[in-house]
Amino acid sequence: MNRNVQYMLLGLGAAWLIMFIYVILITLRERKLRKELDRVRRMVEQPNK
Amino acid sequence: MREKIIIGLALFAGALLAWNMNTIFTALPDELNQGAIYRIIYFHVPANILGMLGFGLGMFLSIGYLVTKDLRYDALAASVTEVALVYASIGLATGSIWARIIWGVWWAWDVRLTSWLVCWLIFGGYLMLRRAVDEPNQRARFAAVVSVLGSVNAYISYKSIEWWNTQHPQPVLSIRNGGGMAQGMEAPIWWNLLALACFSTILVMVRMRQESFAREIDTLRRMAHAQ
Amino acid sequence: MFLRQVWTIAAKDLHSELRTKDAWNASIAFSVVILLLFSFSFDPSSEQVREFSGGLLWMTYAFAGALVLNRSFAREMQNDCLDALIASPVSSAALFVGKSLANFALLFAVELVSLPVFVLFYNLQWGAAQVGPMLLVLVMGTWALTIIGTLFSALTVNLRLRELMLPTLVYPMMIPALIAAITVTTNVLAGSPPGLGIRLLLAFDIIFTLLAVVFVDTVLVG
Amino acid sequence: MNALEIADVWKYYGDFPALRAVGLNIEPGSTMALLGRNGAGKTTLLRIIAGLSRPSRGSIKIQGADARDQATRQRIGVLGHGIALYEELSAIENLTLFGKLYGLPDPRKRADEMLERVGLARVRDGLAREFSRGMRQRLAVGRAFLHDPEVLLLDEPFTALDDRAIAVLQSMIQSMRDRGRTIIMSTHQLREALELASHVALLQRGQIVHTGERTQEMLDDTGWLYRTYGEN
């Protein structure tokens, strides 16, 4: 496995890694947003008098 | 309905990518003087194309917001710009790794690379600015201004390989009067571009849904405070 | 009418600045300190210093300039003066151009003061032929910094994280102009003709001045 | 022709309507008091009239011209919470500056007259920084009236003013009314403000729930307006 092929795999790996990290960030944000949305909806429906 | 589109696109893109990867790795021979490393082009070029298109599209959408003051344009502009930034990151990373072999250095202060890094910094600032402003209309206005100013640099970067003689290769694709590639080698670039474009569409749709969540949260919060 | 308003705004800024001198002193001190630090870190007498002297100069100006540009609209936040200016019959464009001219004058003065310090530390030989092109690149480069800096000073003025957001947005935008200014300055200091950078700097100045004037109203009025 | 025509104005912050279909016609020479709780949208409305922000929908016409036109802003005087003075400039410099910005023929002379009027003539060259709160407020009043505006916007006047400043403001407003000028002020049921008001408009959650003449009952019983029209 000469250096040339090694770097090729490194390049493709890097591309997929960045994409993977971004997808994780998006799902984390999605979960946070859904939780916040439910909390705010509950807060508006029966405002704590 | 959106779920089905996303799933459908994902399956199509996945299959296309798998098939294309197969042709790249098995059917195509190594390039005569670069060896196996040239295969990075199949991700480097499509990623940069999508990044460039994304920044340009983001600019037009931002102008759309400034004209119509409709927050949907702003949400789309933000989603498209964010996804474009991801692809620009992929372009920079793969380019740098490829350069390690061909030029022997991870980075060179070449016009093309520098201007693309400048775009990456500017649109990174664009996303940070969006997080720093609370009021949706003000955020949309400020983001639109940064997007338009930033795309001037994106255009400079796009044209840089034609205006100056750069260490970065001149246009290679046939459509930009390059035509430096053997016939069999160029086709997979376009297939990968299509596959990655589908993925980016999925990402934009997901981001758009998140933007509408954020918009609803903001409205409900303001209503709660106004009670 | 427009020019009179521009002049009133510029005169006001300069008048306020000369009276308090807060941005002025900070900027001068900052640039001298940076030049000092640079000369510690490199051997200033070596031949090679010619190459990156342009870079040193413009780095100093960019950072020292940020102090002036940051103050530009921050000064208006006290007592809500900015609202009073926007509500007055002065158009946003006149307000922006006025403030940019004031900033430009301040920045240019800071540069002229710190230039001898630079020449002293790096004992550069100054030929008469070089003064003309040097002034030209100083003017065009400073205008590029001013336009971008003033616009984003207006944009970030009432953000919570103003000190953080201003540099994050301004420096990447300035890089193309800085690079052009650096290459031209290095050529001028080396005695060779300014070269291509001048045209790039001119294009940058024109494009971003137009864009800034077009967008300043969107930035200032909600 | 009305001094001020507000036609179906909406203002959104995101999707939240801070102002909902606000319609208001103010005849020249009247003094309108905008009443309403905090967050009802008083300041938002005043800022739009002053040209500091644009309505999301609908239009605001001041003497027939759009609020954001340069000529219109020439005829508007604004006195908001911030006193809008430059600390490092002297009293005369502050007023002369705003005189120039408003394109007055002889700003310095006009500034001197105004300083006389607000009783700051002897500290003419003192820096605003060294002024007491009361002196700064009077200087701010002087700035708002400097260009003899035809429409005056006061955002909660009389609050946090010392008695001398209140006296100066009241005399200024009185002289404006005598010359048939229009005044719009947002206020919290303050007696001094209500006394001067000829009309009132009650704003509730971004909507105008009542507008009309200011009656004596409103003056005597400050809660009357809210009980009859608003739900408190």
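In what follows, chains are A, B, ... by sequence order, proteins preceding strands, each numbered from 1.
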Q: Need one label for L153(D): side chain, backbone, both or neither, based on atoms under 4.5 Å from any heavy atom in chain C.
A: neither
Q: Most heavy-atom pairs under 4.5 angstrom with chain C, which of R47(D), H147(D), H81(D)?
A: R47(D)
Q: Given side chains that start at C-beta, do those of F98(D) and S88(C) come closer than 4.5 Å, heavy atoms only?
A: no
Q: Have a look at R19(C) and tell me which of E93(D), E88(D), E87(D) forms a side chain to side chain donor-acceptor pair (under 3.5 Å) with it.
A: E93(D)
Q: Table please: side-chain donor-acceptor pairs of residues 53-61 of chain D below 3.5 Å, with sequence neighbours left out.
A:
| residue | atom | partner | partner atom | Å |
| --- | --- | --- | --- | --- |
| R54(D) | NH2 | D217(C) | OD2 | 2.3 |
| S56(D) | OG | Y12(D) | N | 2.8 |

Q: Is any residue of residues 13-32 of chain D within less than 4.5 Å of chain C by heavy atoms, and which ones?
A: none
Q: Select one option (side chain, backbone, both, neither) describing which atoms of R136(D) are under 4.5 Å from chain C's heavy atoms.
A: side chain
Q: Measure the spacing between CG of D83(C) and CG of L52(D) and express it to the nearest 0.5 Å.
A: 5.0 Å
Q: May I ask you to check whether over 12 heavy atoms, not counting those of E116(D), lie within 6.0 Å of atom CD?
A: no
Q: A87(C) and V78(D): which non-hydrogen atoms are nearest, and at how many Å?
A: CB-CG2, 4.3 Å
Q: Apply side chain to side chain contact (heavy atoms under 4.5 Å, CB included) to residues K100(D) and V90(C) and explain how you reach the verdict.
A: CA-CA 10 Å; K100(D) 283 189 201 142; V90(C) 176; over 6 Å; no
Q: Nearest 0.5 Å, what's the SG-CG distance between C81(C) and L97(D)?
A: 9.0 Å
Q: Could you look at S91(C) and say if it's the side chain, the backbone, both or neither that has a heavy atom under 4.5 Å from chain D?
A: both
Q: Please classify the contact between I76(D) and chain C as side chain, backbone, both or neither, with a heavy-atom cut-off of under 4.5 Å.
A: neither
Q: Does I83(D) offer a backbone N or O that forms a donor-acceptor pair with the side chain of N79(C) under 3.5 Å?
A: no
Q: Begin from the C-alpha positions of Y86(D) and H15(C) and carry the test side chain to side chain contact (heavy atoms under 4.5 Å, CB included) through to its verdict.
A: CA-CA 11 Å; Y86(D) 290 97; H15(C) 192 167; over 6 Å; no
Q: Should we say atom CZ of R122(D) is surrounded by more than 12 heavy atoms from elsewhere, each under 6.0 Å from it?
A: no
Q: Is it the case that atom CH2 in W10(D) sees more than 12 heavy atoms from other parts of the structure closer than 6.0 Å?
A: yes
Q: Q74(D) and P89(C): which non-hydrogen atoms are nearest, and at how many Å?
A: OE1-CG, 3.3 Å
Q: So, for S92(C) and R68(D), which heavy atoms are closest and what is the spacing to 0.1 Å?
A: OG-NH2, 3.4 Å
Q: Closest heavy-atom contact between L89(D) and K12(C)?
A: CD1-CG, 4.5 Å
Q: What distance separates Q78(C) CD from R129(D) CZ, expressed to the nearest 0.5 Å?
A: 8.5 Å
